[in-house]
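What follows is one structure encoded as C-alpha cells, with my remarks underneath.
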Amino acid sequence: MALCCDPPMSSIFGFLERLVPPSITATSAERIPPASLRLLADGLTTDDITKIGVFLRIGKETLKYDWKLVFAGNAELLCMGTNSPTLQTSADAMIVRVIDSAANESLENTLTRPLQYEPVLDVLRAVERRISAAPLVQSQVISKASYKLRRWPANALLLEQDNYRRLASFLSARHVTLDNLIVLSNVKRTECEAFLQVLDRAGILDVKPIFETSTIVQSTPLPSSPAGETQRGLFGKIRQYLGLDRV
Amino acid sequence: MTKDHKIVFTGTPGAGKTTAIAALSDSPPVVTDVQNTDSSLNKNTTTVGLDFGYFSLGEGLGVRLFGTPGQKRFEFMWRILATDALGLVILIDNSRPDPLADCTDYLDVYAELLPQMNCVLGVGRTLENPHPTLDDYSDLLAARELVFPVLGVDVRQRDDVLQLVDAILAQAETRI
C-alpha cells in the first residue's frame, strides 16, 4: 500500500536544517497537488501509520488542504510515538503524541491508540485553522535564500491571485532571492512572500540557502556588470515600448 | 550599426504565429503564406517560409520577430531560427487531434536549446477544447525536467500576446 511521498528537499521554514534520512522510502510517484500540508510520522507503529494513511484518504473531501504523510523533513504536523522527537522538522510544527489507551489520557495534544478517525481529523483541522490564520513568512528568514520553481505550478494555484502567474515566470529560469523578485516583478513584498509560501506548501519550490561567504548565489539585489546593465536597459526599453512596465 | 534581438514564434499550423507577430510588429509582418492544400488544416492559407515582423525601440535598437513555418517538414528551420534568440514562444492549438503529441514534437526539436532558453508555451483554443488541460502540459514539461511558463492564450487578443512576451522577459531578466 502506497502511503507516502517525497517530502520537499528543503522548505522556507527549514532549509537550514539538514534532513534526516527517511526511514521509509517513497513508494508512489503521485502528482503534486496545488497546495498540501505534511504530517510527519515519527516513532509510530505500522498500525498507526496505516490508519493515518487511510484516514487521510477518507477525510480528503472534508479537509481544506491535501495532506501528505511523510517520514522526514519539514511538516506542519508532527505525530510522534515516543516522548521526544527523533526527527527534525519545522520549528512551528504542531506536535501530537500518540499514546496507548492505557496510558494517561488526560494529557493534552495526544491521540490514543487504537487511532480513531474523528480525533485524528480534529487534529488535522486544528492545524489547517492555524495555517489559515498564520502570518506571512518572516522576511528575515526567507530573504536569506534564493528560490526557483521545480516545475510549473498547477493552473488553479496561479489563478488564486492576479500576479501569481507573473511571479512564477521570474522563478522559472534561475534561483532568485526575495529581494530580487520584488525588484524585478514590481510586486509588493507581502504578495511575493505569500506566493513563495504557497509554492513551498505545494512542494514545488527549490530553496537554496545563502551563506555570507557564498560566491554562487548573490544575496544583494541585481548584481550589475556593464553587459548586464546594457541588457537590463534593453529589456526595460522593450517593456516600455510594449507597455509591460506598468504592472 | 543596429543592435537587434529576436523572438521566435514556433508551433503547430493554425496556432496563430502570424497573428501573434502582427500584434507586436510596428508594420504589417512580412508573410510567406500560400494557399493551403493540406486538407488536415482548417485554414485557407499557410506559412511555407517564415513570417517576419519588427518593432523599433529607437537608438538603433529593435526586436525582430520570426515565425517558423508550422508544418513538420520545415523543422530544419525551427532550430536555425531559434539559435541566439532572446526567447522562444511555442504555440499549440488545443483543437488539434493530439496537441500533447504536437507539443512533444517541439520539445524534442528544441531539446538541446530549452534548458538555457527563455521559453513560454502558449496554448490556444482552450475554451472550446479544455482537454488536455494546462496542467497536462505542465506535467509534460515536468517529466522532462523543464520549467517554463504554460499559459492559455488567444493570440487575437494583444494582451495575451503581451503576456507571452512578459514571460520571456521575466526569464531573461533573471539570467542577466
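All values below come from the heavy atoms of this structure, side chains included, with hydrogens, waters and symmetry mates left out. The chains referred to below are lettered A, B, ... by the order of the sequence lines, with proteins before strands, and numbering in each begins at 1.
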### Query
Above 12 or not: heavy atoms from other molecules or residues under 6.0 Å from CD of B/Glu145?
no

### Query
Should the heavy atoms of other residues, nucleotides or ligands under 6.0 Å from CG of B/Asp98 be counted, would the total exceed 12?
yes

#### Entry: Salt-bridge contact B/Lys6-B/Asp84 (side-chain N to carboxylate O under 4.0 Å)
no

### Query
So, B/Asp93 and B/Arg125, do they make that salt bridge, N to O below 4.0 Å?
yes

## Note on the structure
Closest non-hydrogen contact found for B/Trp78 with B/Pro69 is NE1-O, 2.9 Å

## Note on the structure
Residues A/Ala75 and A/Arg38: closest non-hydrogen pair is CB-O, 3.4 Å

#### Entry: B/Phe66 and B/Phe9 aromatic centres sub-6.0 Å
no

### Query
Counting heavy-atom pairs under 4.5 Å to chain A, which of B/Ser138, B/Ala167, B/Pro149 comes out on top?
B/Pro149

### Query
Between B/Leu24, B/Leu86, B/Leu146, which residue shows the highest count of heavy-atom pairs closer than 4.5 Å to chain A?
B/Leu86

### Message
Checking an interface table here. Which of residues 156-163 of chain B come within a heavy-atom distance under 4.5 Å of chain A?
### Response
B/Arg158, B/Leu162, B/Gln163

